[in-house]
Amino acid sequence: MFRKLSAVCLTALLVFVLAACGSSKSGDSGESSAPAAAEGGSPAASGSSPAGQEVNLNPTSVEGVGPNGEKAELPSVLTLTDEEKQKLKDGNFTAAFVYHMQSNDHNQIKLAAAKKTLQDLGVKVVSTTDANFNAQTMIGQIESTIALKPSVMIAMPVDPDATSSAFREVQKAGTKLVFMENVPAGFKPGEYTSLINSDSYGNGKAAAEIMAQQIGYKGEVAMVYYDAVFFVTNERDRGFKETIQKYPDIKLVAESGFADPNKVGEVADGLFARYPDLKGVYASWDVPAESIIASAKSIGKNDVILTTVDLGLNTARMIAEDGFIRGTTTARSYDQGVAEAMAAAYALLGKEAPSYICPPALPVVKSNVLEAFETAYHKDAPKEIVDVVSKNK
């Protein structure tokens, strides 16, 4: 049975792109298994970078599949004719966004891109909520949003189980549904227009490939994963594990789970105490990675290398200056936001859309950190990052 997340009120500093089926694990020995694949999930990605081979920094295909085994389609498949655009402008349609959290660059960029696209199509956004990663808060926000009678709701379920009934009420009210990164328990394709995601499995795979390259394809590594049922992180964690295990001279000695990001430091302390020779650690996303770094610094372990998922300012800076984080992978956030809006337009028109849509993964290392930032966010990297890159060429 899926565990409820609603009992855990997580901090607004959570950063996902987010996005993720996990199994409960309490230890961090190499004998424990990583989060299980979602039903119908993708097989292990074929092949991995042999020693010395460069990581593909610009993949053009998607490695993962949807939570029900759906084949992913690229956002470019979503198109509208001039006649359809006019129909949207004449339709007096409204949209509402129900977010799990909005406190990171990824979600802010997605939201801005989606709002602009809907505005250009003549669809009015009547509400945007932020649940601060609390399921009960989200349920209340869904109920208040239903009262506004939006034509379409674009939502990111914070807890697939706890929020499922609330989203059924949205359905009953006649509001169309487009989901971001996660789907409520019991919902199948056809009951919602589309699920828009990043290539979570591909992101985890790339994080493993970067890790292997950075540690010289040899040594002990560990993964610190999000131990909860959350499709986005479950898939990226699975992608990392299945890929890193393909390197014969790399040993995955520990898999340590956490449910509360505020306690990652404790997890990392135990990890370094048990495995002092660790050469690398993977974290499900960048905020937990920073807690692992703090733990490493506290004991003077300054040679450990991290890879993760998501591209925030701190992560970009560390990559540029050869810091603890040597590489990450990230969502193409702007493209995801546009895709969310386009899927909503399809819903309003009654036009059939692919059930699972996502752009390819976006690996980030020192050589492409500025270009990756621009690709992900459709804006230049901040001057502080540009300056660090220039200084550390």
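- Both V386 and V364 are part of a single hydrophobic cluster, where members link through side-chain heavy atoms under 4.5 Å apart.
- A heavy-atom distance below 4.5 Å is found between the side chains of L57 and S367.
- Under a cut-off of 6.0 angstrom, the local environment of NZ in K279 is crowded, with over 12 non-hydrogen atoms contributed by other residues, nucleotides or ligands.
- A donor-acceptor contact closer than 3.5 angstrom links the side chains of Q86 and D90.
- Counting only heavy atoms from C-beta outward, the side chains of C358 and S198 never approach each other to under 4.5 Å.
- Using modelled atom types and a 3.5 Å distance limit, the side chains of Q171 and Y192 yield no donor-acceptor pair.
- Remark: R236 is not positioned above the aromatic ring of Y225, lacking an NZ or CZ atom under 6.0 angstrom from the ring centre and at most 45 degrees off the axis.
- No side-chain donor-acceptor contact under 3.5 Å links N134 and N132.
- Annotation: side chain of V125 is not in contact with side chain of Q119 (no heavy-atom distance under 4.5 Å).
- Screening T308, T307, D237 for a side-chain hydrogen bond (donor to acceptor under 3.5 Å, both in side chains) involving Y282 leaves a single residue, D237.
- Between P363 and N368, the shortest heavy-atom contact is O-ND2, 3.1 Å.
- Tracing side-chain contacts under 4.5 Å through hydrophobic residues (I, L, V, M, F, W, Y), one never reaches M138 starting from V126; they form parts of separate clusters.
- A donor-acceptor pair shorter than 3.5 Å can be found between the side chains of N68 and K188.
- Between K87 and E83 there is no salt bridge, since none of the side-chain N atoms of the basic residue sits less than 4.0 Å from a carboxylate O of the acidic one.
- Contact between H106 and Q336 at its shortest, heavy atoms only, is CE1-OE1, 3.5 Å.
- Put simply, the side chain of L78 does not reach to within 4.5 Å of the side chain of E73, judged on heavy atoms.
- Nearest heavy-atom pair, Q214 versus I305, reported as atom, atom and distance to 0.1 Å: O-CD1, 3.5 Å.
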Return a table of donor-acceptor pairs under 3.5 angstrom between the side chains of residues 338-357 and protein atoms on other chains or two or more places apart.
residue : atom : partner : partner atom : Å
E340    : OE2  : K110    : NZ           : 2.9
Y346    : OH   : T79     : N            : 3.0
Y346    : OH   : T79     : O            : 3.0
K351    : NZ   : T79     : O            : 2.9
K351    : NZ   : E84     : OE1          : 3.1
K351    : NZ   : E84     : OE2          : 3.2
Y356    : OH   : N197    : ND2          : 3.0

Between K379 and E374, is a side-chain contact (heavy atoms from CB on, under 4.5 Å) present by the stated rule, with each step listed? CA-CA 5 Å; K379 64 179 183 180; E374 184 176 354; over 6 Å; no

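- Minimum heavy-atom separation, K89 to L121: CG-O, 3.3 Å.
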Determine whether V281 and V224 satisfy the following criterion, side-chain contact (heavy atoms from CB on, under 4.5 Å), listing intermediate values before the conclusion. CA-CA 7 Å; V281 180; V224 177; 3.9 Å; yes

Working note: T329 + L362, criterion side-chain contact (heavy atoms from CB on, under 4.5 Å); need CA distance, chi angles, decisive distance, verdict. CA-CA 5 Å; T329 55; L362 181 57; over 6 Å; no

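- Contact between E209 and Y247 at its shortest, heavy atoms only, is CG-OH, 3.7 Å.
- Listed by chain and number, the residues in a side-chain hydrogen bond (donor to acceptor under 3.5 Å, both in side chains) with K149 amount to none (sequence neighbours excluded).
- In this structure, the side chain of N203 does not engage the main chain of V309 through any donor-acceptor pair within 3.5 Å.
- Connection of V267 to I325 is established within a shared hydrophobic cluster, with ILVMFWY side chains joined at heavy-atom distances below 4.5 Å, either directly or through further cluster members.
- T315 contributes no side-chain N or O that, together with a main-chain N or O of L311, makes up a donor-acceptor pair within less than 3.5 Å.
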Determine, step by step, whether L88 and F93 satisfy the side-chain contact (heavy atoms from CB on, under 4.5 Å) criterion, reporting the C-alpha distance in whole Å, the side-chain angles of both residues, the deciding distance to 0.1 Å, and the verdict. CA-CA 7 Å; L88 288 166; F93 295 118; 4.1 Å; yes

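- Aromatic ring pairs are classed by plane angle as parallel below 30°, tilted from 30° to 60° and perpendicular above 60°; the pair F97 and Y99 is parallel.
- Electrostatic pairing of R238 and E235 counts as a salt bridge here, judged by a charged N lying under 4.0 Å from a carboxylate O.
- Closest approach of A361 and R332 over heavy atoms only: O-NH2, 3.0 Å.
- A continuous path of hydrophobic side-chain contacts links M318 to L313 [ILVMFWY only; heavy atoms under 4.5 Å].
- Of the possible polar contacts, one joining the Q141 side chain to the D130 backbone as a donor-acceptor pair under 3.5 Å is found.
- More than 12 heavy-atom neighbours from other residues, nucleotides or ligands sit within 6.0 angstrom of CD on E371.
- At least one donor-acceptor pair under 3.5 Å links the side chain of T94 to the backbone N or O of S151.
- Note: W285 and F258 have tilted aromatic rings, judged against thresholds of 30 and 60 degrees for the angle between ring planes.
- Salt bridge absent: K251 and E220 never bring a charged side-chain N and a carboxylate O closer than 4.0 Å.
- In this structure, K391 does not pair ionically with D387, as no charged nitrogen and carboxylate oxygen lie closer than 4.0 Å.
- There is a side-chain donor-acceptor pair under 3.5 Å between S295 and D269.
- Around the NZ atom of K301, the shell of radius 6.0 Å holds more than 12 heavy atoms that belong to other residues, nucleotides or ligands.
- Residue M153 holds its CE atom at 13.0 Å from OG1 of T193, rounded to the nearest 0.5 Å.
- Rounding to the nearest 0.5 Å gives a distance of 7.5 Å between CD1 of I139 and CD of E143.
- Considering only heavy atoms from C-beta on, I196 stays 4.5 Å or farther from F179 through its side chain.
- For the pair I109/H378, no side-chain contact is recorded, criterion being any heavy-atom separation below 4.5 Å from C-beta on.
- T328 is not listed as a side-chain neighbour of D286, based on a closest heavy-atom distance of 4.5 Å or more.
- Side-chain contact between K241 and M223 is present, with heavy atoms from C-beta onward closer than 4.5 Å.
- With salt bridges taken as basic N to acidic carboxylate O contacts below 4.0 Å, one links D120 and K116.
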